[in-house]
Amino acid sequence: MLRLYDTIHGEVRDLATRDPGKLSMYVCGPTVYDLPHLGHGRFTLVWDVARRWFSFRGLDVRYVSNITDIDDNIINRAQREGTTESQVASTYENEWWEAMSRIGVARPRDVPHATQYVADMVSLIESFLAEDVAYVISDGVYFDTSCVADYGLLAGQPLDSLRADPTIEASQEKRSPFDFALWKFSKPNEPVWSASFGDGRPGWHTECVVMSLGLLGDGFDLHCGGLDLKFPHHENERAQAQAARRPFAQHWGHNGWVMVGTEKMSKSLGNFTSLTDLLERTDARAYRLLVIRSHYRSPIEVSPATVADAERALARLDTLARRFELPTFGGEQFVTQNDYVFSGRAKDLVTSVGVLLDEDLNTPLAVGELFDAVSSANTLADEGEPVEAAQLALAVAVVFGALGLAVHSAVHEPTRDDQALVSARDDARSAQNWAEADRLRDELVSRGWIVEDSAGGTRIRRG
RNA sequence: GGCGGCGUGGCCGAGUGGUUAGGCAGGGGCAUGCAAAGCCCCGUACUCCGGUUAGAAUCCGGACUCCGCCUCCA
């Protein structure tokens, strides 16, 4: 049984599915007004890993993740740059998918765009107004949080114990400082959709509740996102579903922050690193390894040192892949537990790692066991047990593959000249002409190759 | 003020009562023509103060630090 921490209950619980064998999963996606940053990279990796693991276990996962393509930040950027909102949105959505592709995050099965669901949002807001759960003031339509009895469930405290930030001037017209905008009336030169209660654009919290229920239906299984969405975003989505008397997500998952030093990385602190920049100078797999090496609910520290550490750890896996000529997995391809049949130590590995991952995605312990298995496979091979060694190595690749991490090194084809140097060196070595062999090795090294001798002769690879 | 979380060896990062998590870095060794990769060995850590226990990093109480959320945020 798959189990996962549920934010509302504050404990690890069975991940129940509404329909047998099928998991409906919604992950709050990005607002596309800037390059994706490391925090985006983490949440997409975390839930991509979850999705892949659930799929490995045989669930048919319907993974939905939205693109918020209308929002104040988009409008501000468009006005600042003298362009249109849709231009800003499409520019950064393209950047988003480019980055997702590079870190190996599989495309969601559905990608709803907020602007395509405005009509449904308008109907929902109309129904709220009809029941006086929402009210109109000068700048928009607001949701009356006091109408939802258990408002504060996700925040972990009741509404009356929340404190409105005194530094933010609350609108005098709002019934409560916690009431949130369902709809914002448009100002001149802003994008506008018509509605019976006044032309304008939808509020963020309304977008996600409409899209998740619209695609996954009432009482869908799992709703995920970054911990900072827990309150108020997810609380407000939930409040709207409650008010609409529609069963909402049955299970809530939240991932931890990316830290920079001791502070949370965030837009407001201005200490973010763009994912696009990281990928310019790092093997994208290193970031995935960094993410799965710690627990998804813990904060992770991303720095040049921790990234370099992960890259070196990755080299150990790549060496294994080279030694055993392992297949690669990842990208849009999902591995399932029925794809390979193992026996002996390989089977034991898949079983024990599976137990760890089934229990709230304990990837750090799983990674520990996998690295142990790397040593074991090398030892078995050294001790003349090639078949069992190869099985174990393959199991390592399969499990890492199930988590979306391809165990392989980038392929670099030697040129004809390089190959000539390699065979010349083999000749020198068989003639025991060590000086010449060393000279040829230096030559290859100067051409950027790492030179290793093996039973089959000189082998070269890129670092 | 309310709510939640953290404090582990040089670094990252697991671990809820007893045996080395794991990775990276460092030291020693095996192997190798010499290397590289690989393998073996090594550091014996757990914020502080009390307490419970035969035994605690792990449970309880307290203190301190740091971080986060409380109408921008993944």
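Protein chains get the first letters and strands the later ones, always in sequence-line order, with residue 1 at the start of each. Only this structure's heavy atoms are used, side chains among them; waters, hydrogens and symmetry mates stay out.
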Nucleotide by nucleotide, 5' to 3', does protein get under 4.0 Å of the base (B), only the sugar-phosphate (S), or neither (-) in nucleotides 1-9 of chain B, counting heavy atoms?
BBS------
Any N/O pairs under 3.5 Å between the protein and nucleotides 44-47 of chain B? List them or say none.
none

Taking a pair as Watson-Crick (N1 to N3 plus N6-O4 or O6-N4) or G-U wobble (N1-O2 and O6-N3), both under 3.5 Å, which stems of 3 or more consecutive pairs involve RNA chain B?
B:1-5 with B:66-70, B:10-12 with B:22-24, B:26-30 with B:38-42, B:47-51 with B:59-63
Taking only N/O atoms, report every protein-nucleotides 31-35 of chain B pair under 3.5 Å with atom names and distance.
residue, atom, partner, partner atom, Å
B:G33, O6, A:R425, NH2, 3.3
B:G33, O6, A:R429, NE, 3.4
B:G33, N1, A:D438, OD1, 2.9
B:G33, N2, A:D438, OD1, 3.3
B:G33, N2, A:D438, OD2, 2.7
B:C34, O2, A:R441, NH2, 2.4
B:C34, N3, A:R441, NH1, 3.1
B:C34, N3, A:R441, NH2, 3.3
B:C34, N4, A:D453, OD2, 2.6
B:A35, N1, A:D453, N, 2.9
B:A35, N3, A:R441, NH1, 3.1

Under the side-chain hydrogen bond (donor to acceptor under 3.5 Å, both in side chains) rule, collect the residues that match up with A:E81, sequence neighbours excluded.
A:R77
For RNA chain B, determine which residues of residues 370-388 of chain A have any heavy atom closer than 4.0 angstrom to one of its atoms, and list them numerically.
A:F371, A:D372, A:S375, A:N378, A:T379, A:D382
Set of residues satisfying ring-ring contact (aromatic ring centres under 6.0 Å, His included) with respect to A:F128, sequence neighbours excluded
A:F143
Any residue meeting salt bridge (charged side-chain N to carboxylate O under 4.0 Å, His left out) with A:D360, in chain and number order, not counting sequence neighbours:
A:R297
Can you sort out the partners of A:D144 under salt bridge (charged side-chain N to carboxylate O under 4.0 Å, His left out), two or more places apart, ordered by chain and number?
A:R175
Could you give all pairs that pass the ring pair (Phe, Tyr, Trp, His ring centres under 6.0 Å) test and reach residues 291-310 of chain A, with sequence neighbours left out?
A:W47-A:Y296
Might you list the N or O atoms of the protein lying below 3.5 Å from N or O atoms in nucleotides 25-30 of chain B, with each pair's distance?
none

Does A:Y26 have any ring-ring contact (aromatic ring centres under 6.0 Å, His included) partners at least two apart in sequence or in another chain, and if so, which?
A:H223
